[in-house]
Amino acid sequence: MTGLTVRRAGKPDLPAVLALYAELNAGRVATIDQAETLLDRIVTAYPDYGLYVAEVDGGIVGTFCLVILDNIAHWGMPSALVESVVVASGHRGGGLGRAMMREAFRIAQARGCYKLALSSNVDAKPAHAFYESLGFERYGYSFRLDPPFVPDAAEVTR
């Protein structure tokens, strides 16, 4: 893909990133002030957490997060986790997602990660096919718990 750049995001990129997240989350996103505060915190406190953007001809049309996690298990090798992958609806199917994931692969490999994992909504069938085309394989189960995280005592004893 010509004119494509994948790079770490900065504050000036946040409006475009939030617009992409709006496509993913039916319009529900953080405010720009929240996003700027979070990005400052991420850059300072979590150097191995990267928010990345994909630009085509100067416009941001994709984003993903990549977290490198230190790990005492697995021979002390880190693992990598990809989150929040979004390609603008008008740019899907053209290789942009593949290019973003290749960059995630490159970073994870350079950091010596023993695996790169991601999770995907169970209903996102096109995304599943895309990830499988990249060599990801389905394994195990993914679980989630929404707040409140501590159920009341009556529910725990059931």
* Asked: Considering only heavy atoms from C-beta outward, does the side chain of Arg92 approach that of Phe130 to under 4.5 Å?
  -> no
Taking atom [atom1] of [X] and atom [atom2] of [Y], what is their separation to the nearest 0.5 Å?
X      : Y      : atom1 : atom2 : answer
Ser84  : Leu66  : OG    : CG    : 11.5 Å
Leu81  : Leu116 : CG    : CG    : 8.0 Å
Tyr52  : Cys65  : OH    : SG    : 9.5 Å
Leu118 : Phe136 : CG    : CZ    : 4.5 Å
Ile68  : Ser79  : CD1   : OG    : 8.0 Å

* Partner of Ser120 under side-chain hydrogen bond (donor to acceptor under 3.5 Å, both in side chains), chosen from Lys125, His128, Arg138 -> His128
* Asked: Considering residues, nucleotides and ligands other than Leu145, do more than 12 of their heavy atoms fall under 6.0 Å from its CG?
  -> yes
* **Listed once per pair and sorted, the salt bridge (Lys or Arg N to Asp or Glu O under 4.0 Å) pairs that draw on residues 35-46, sequence neighbours left out** => Lys11-Asp40
* Asked: Are Val82 and Leu69 connected in the hydrophobic side-chain network, where two residues link if heavy atoms are under 4.5 Å apart?
  -> no
* Out of curiosity, does Val6 fall in the hydrophobic cluster containing Leu134 (side-chain heavy atoms, cut-off under 4.5 Å, transitive links)? -> yes
List the atom pairs, with distances to 0.1 Å, where a side-chain N or O of residues 93-109 and a protein N or O form a donor-acceptor pair under 3.5 Å, not counting sequence neighbours.
residue: Arg98; atom: NH2; partner: Ser133; partner atom: OG; Å: 2.9
residue: Glu103; atom: OE1; partner: Arg106; partner atom: NE; Å: 3.0
residue: Glu103; atom: OE2; partner: Arg106; partner atom: NE; Å: 3.4
residue: Glu103; atom: OE2; partner: Arg106; partner atom: NH2; Å: 2.7

* Structure fact -> side-chain contact (heavy atoms from CB on, under 4.5 Å) filter on Thr31, not counting sequence neighbours, yields Asp33, Gln34
* To do: List in chain and number order the residues that pass ring-ring contact (aromatic ring centres under 6.0 Å, His included) with His74, two or more places apart in sequence or in another chain; answer none if no residue qualifies.
  => Tyr114
* Remaining members of the apolar cluster that contains Phe143, side-chain heavy atoms under 4.5 Å -> Tyr141
* Linking Ile, Leu, Val, Met, Phe, Trp and Tyr through side-chain heavy atoms less than 4.5 Å apart, which residues share a cluster with Val29? -> Leu14, Val17, Leu18, Leu20, Tyr21, Leu24, Ile32, Leu39, Val43, Leu51, Val53, Ile60, Val86
* **Heavy-atom closest contact (Pro78 atom, Gly112 atom, distance)** => CD-O, 3.6 Å
